[in-house]
Amino acid sequence: MTRSALAVARPNIALIKYWGKRDRDRNLPATGSLSLTLSGMSTRTRVTFRDDLPQDHLVLDGQLASPEAHARVIRVLDQVRRLSGITTPAEVFSDNDFPTAAGLASSASGMAALAVAASRAAGLDLDLGTLAGLARMGSGSAPRSLLGGLVWLPRGEDPEGLDCVPHCLHPPEEVPWGLVMAWTGRGPKAVGSTDGMEHTRLSSPYYDAWLDQSRRDLEQALIHARALDLAALGPLMEANAMAMHACALAARPPLRYWNGTTLAVMDQVLVLRRSGLRGWMTIDAGPHVKVLCPREDAETWAEALARVPGVLEVRPEVPGPGVEAAP
Ligand code: PMV
């Protein structure tokens, strides 16, 4: 017996960050988040359940999966097997059309595509909440990549995470913004987000203050996002990212994701903004800087950031769709 399905998903960038877990086993977030799904990059994942395989076989970007990636994928596959009653091993082929090693958050698109491909290959037609739970087993930010455009993922209160389900605030075609990504380093990040969040929770004196501030930021951000008010959302987004990094920097030992080029780009963003260009920055658990701006200014931002010494590549992005399934 062979059952196969393909899914395509895109990365998303958090405008209000998820940083911290309220339940590590269920991978539930301690903070709600707000994100923009992108359009120009994608992960294609094919899952095939085959009873002639001795065990699960995972190939990510043409290579056997690392032990860490392997464990995440197996968590999702095992849950699909529990839900469907299938007991056979699966073959997973997943490819990113963007450099995974460049440190961009590829786990979100990868795990969203995996959740959809695996559940469909198993013959399941899952609702959004169940799919979100599946994607979350692989990565906390992955449920957001199930949907397109501007997406809100509530923290939720339910111990099982039943209310931690993404909502689309505006589909991509309604969001008149661009997001310019400036790559400032190669290679995977030194400390992955799960370890980084746990280290921050356990040792940063500012962790509780971060949770508190993040709740207030999200409340305001949802109002601005619904109104598509970039002038109000931008500064809030930037402050929220700085608060996340401040909390991580205060961990013991400190967690610093930035490099010298990160700071140079940050300086340049301030210079350009002072000159009248509208755009605000955010940074995830890595050294790259992303600027949210009006769509018509994205090229100008991209050209200016590409000139900063040390920047490896710049990519202007526009909002993109949610996960797409194919037979
Ligand atoms: O989903 P994870 O485990 O890769 O964590 C994502 C963490 C951040 O990218 C820093 C923030 C976010 O909300 O995407």
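One-based numbering, in listed order, for ligands and for the atoms of each.
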Applying a heavy-atom cut-off of 4.0 Å, say which part of R144 lies close to ligand 1: side chain, backbone, both or neither.
side chain

Where do [X] and [Y] come nearest, in terms of heavy atoms and distance?
{"X": "K17", "Y": "T31", "value": "O-OG1, 3.2 Å"}
{"X": "P89", "Y": "R81", "value": "CA-NH1, 3.7 Å"}
{"X": "A9", "Y": "S109", "value": "CB-O, 3.4 Å"}

Heavy-atom count around R256 CZ within 6.0 Å, excluding the residue itself: above 12?
no

Starting from the C-alpha separation in whole Å, work towards a yes-or-no answer on salt bridge (charged side-chain N to carboxylate O under 4.0 Å, His left out) for E303 and R307.
CA-CA 7 Å; E303 280 163 26; R307 284 198 293 271; 5.2 Å; no

Any atoms of ligand 1 less than 4.0 Å from a non-hydrogen atom of [X]? List them with their elements.
{"X": "M197", "result": "5 (O), 7 (C)"}
{"X": "A285", "result": "10 (C)"}
{"X": "A14", "result": "12 (C), 13 (O), 14 (O)"}

Report yes if [X] has an N/O atom closer than 3.5 Å to an N/O atom of ligand 1; otherwise report no.
{"X": "N12", "answer": "no"}
{"X": "R72", "answer": "no"}
{"X": "S141", "answer": "yes"}
{"X": "W19", "answer": "no"}

Tell me, please: is S107 in heavy-atom contact with ligand 1, that is, under 4.0 Å?
yes

Short side-chain donor-acceptor distance under 3.5 Å, R252 and S203:
no

For a 4.5 angstrom cut-off between non-hydrogen side-chain atoms, does I283 reach K290?
no

